[in-house]
Structure formats: structure tokens, C-alpha cells
Amino acid sequence: SNNNPYTLFGATLARDEEQNLWSTPHDVTHTEADDDRVLYNMIVVRNQLDKDSEEWQKLNYDIYTLRQTRKEVRSRWKHILEDLGFQKEADSLLSVTKLSIISDSQNMSKARDILLKLSEETNIFPTSWELSERYLFVVDRLIALDAADEFFKMASVVYPKRPGRDQLDEGPRPLQS
């Protein structure tokens, strides 16, 4: 038996871009996080089914819905970043790859707290959203830029939490001058 933990590494790298999973099939910023693996497994199962089957159609719909939800969440984050003055940097701040690192390990706890607070006190994530490791990296970058608190304040204004409602279909609230 081979105990080398890197045995599957080549297989991961060789994976077709269709298997990449963040918001679109060709989004190269994905990570190998849990939510990526869930989506990847859904795609693998779907691809083994007959395209005319009801199960294939249901899985295909679920895959599409998950990708659209991810796209919408990313769009929300980008909107707030741009409103904070990061128009040119928004895409790079949101770009997380397998090579991304936390800038300062001392920020990890603060980044987790802010991400949890965003989840609980704003509607930037849909109600059913499981917190993604991807946004932990983004919050870490905002902490390094001393913009995390402003981001939270803006998210609270633009995507306020409303009990029992999921604002995924609604656009952002306009900012009050």
C-alpha cells in the first residue's frame, strides 16, 4: 500500500475544467474545499446517469442552482467591495485558489468571527448557505487592508437580515447618502 498523501494530487490537477466548481465551469479560482467536493460529487453522479432519466434532470437542476447561488453570493461581495472603493481590486480580493494563504495566522480567529457575524447578522449569504472557506480568505484580506469592519457595516446596510426571508432573488438595497 502506498501511504504517499500526494498520490491523488496529479489526478486532482488533471481534472477537466468542467469539474471546476465555483460559479461557472471555467472559473479557475476554485479551491478543493468541502463545498467544491460536494458539487464535484454531484457532477460525477450526474455524469454516470442516463441523460433522459428523472434523476439526471434533478441532479442537473441542483448543480445549476448551486452554481447560480455561488455566483450571486460572489456578486454580493463584489458589489460591497466596489462600494468601499475597491473597484479595480474586487476581483483579485475575491480570487481564492489552492495556493492562497492566510496573510497572518493571528487574524484567523478574527476572520472567522467576522464571517460568522456576516452570516448571522446580514443577508449576504442565503439562509441555507454553509459558510465557505473561500470567504475566510477574503475576510482575512479585508482585515489586512483594515477594511473588514467597514465591509461588515456596508453588508449590514445593503443586505440587512430580515427574519424568515432569503433575499437571493432581490437585488441590493440602494445606499442612503
Value rounded to 0.5 Å, distance of CD1 in Ile124 from CZ in Arg76: 7.5 Å

Side-chain touch His79/Tyr159, heavy atoms, less than 4.5 angstrom: yes

N/O donor-acceptor pair under 3.5 Å between Ser156 side chain and Phe152 backbone: yes

Distance (rounded to the nearest 0.5 Å) between Glu120 CD and Leu115 CG: 10.0 Å

side-chain contact (heavy atoms from CB on, under 4.5 Å) between Leu142 and Leu84, worked out: CA-CA 11 Å; Leu142 293 172; Leu84 289 174; 5.6 Å; no

Inter-residue atom distance Leu59.CG - Met42.CE, 0.5 Å rounding: 5.5 Å

Separation between CD of Glu54 and CD of Gln57, rounded to the nearest 0.5 Å: 7.5 Å

Within residues 139-153 or reaching into it, pairs that qualify as salt bridge (Lys or Arg N to Asp or Glu O under 4.0 Å) - sequence neighbours excluded: Glu150-Lys153

Hydrophobic cluster identity match, Tyr61 and Leu49, side-chain contacts under 4.5 Å: no

Derivation of the side-chain contact (heavy atoms from CB on, under 4.5 Å) call for Glu72 and Gln68: CA-CA 6 Å; Glu72 177 61 28; Gln68 288 305 111; over 6 Å; no

Mutual orientation of the aromatic rings belonging to Tyr135 and Phe125 [parallel < 30°, tilted 30-60°, perpendicular > 60°]: perpendicular

Inter-residue atom distance Asp91.CG - Lys78.NZ, 0.5 Å rounding: 3.5 Å

Heavy-atom pair of closest approach, residues Ile143 and Ala148: CG1-CB, 3.7 Å

Verdict with supporting geometry, Asp62 and Lys58, side-chain contact (heavy atoms from CB on, under 4.5 Å): CA-CA 6 Å; Asp62 291 345; Lys58 181 178 178 348; 3.1 Å; yes

Distance-minimising heavy-atom pair for Ala155 and Leu118: CB-CD2, 3.7 Å

Co-membership, hydrophobic cluster, residues Val38 and Ile43, 4.5 Å side-chain: yes

Nearest heavy atoms of Glu121 and Lys161, plus distance in Å: O-CB, 3.6 Å

Leu81 and Met154, any side-chain heavy atoms less than 4.5 Å apart: no

Exam field: side chain Thr69 to backbone Thr65, donor-acceptor pair closer than 3.5 Å: yes

Check against side-chain contact (heavy atoms from CB on, under 4.5 Å), Phe151 and Leu145: CA-CA 11 Å; Phe151 184 92; Leu145 293 169; over 6 Å; no

Nearest-0.5 Å distance, CG of residue Asp113 to CG of residue Asn107: 11.5 Å

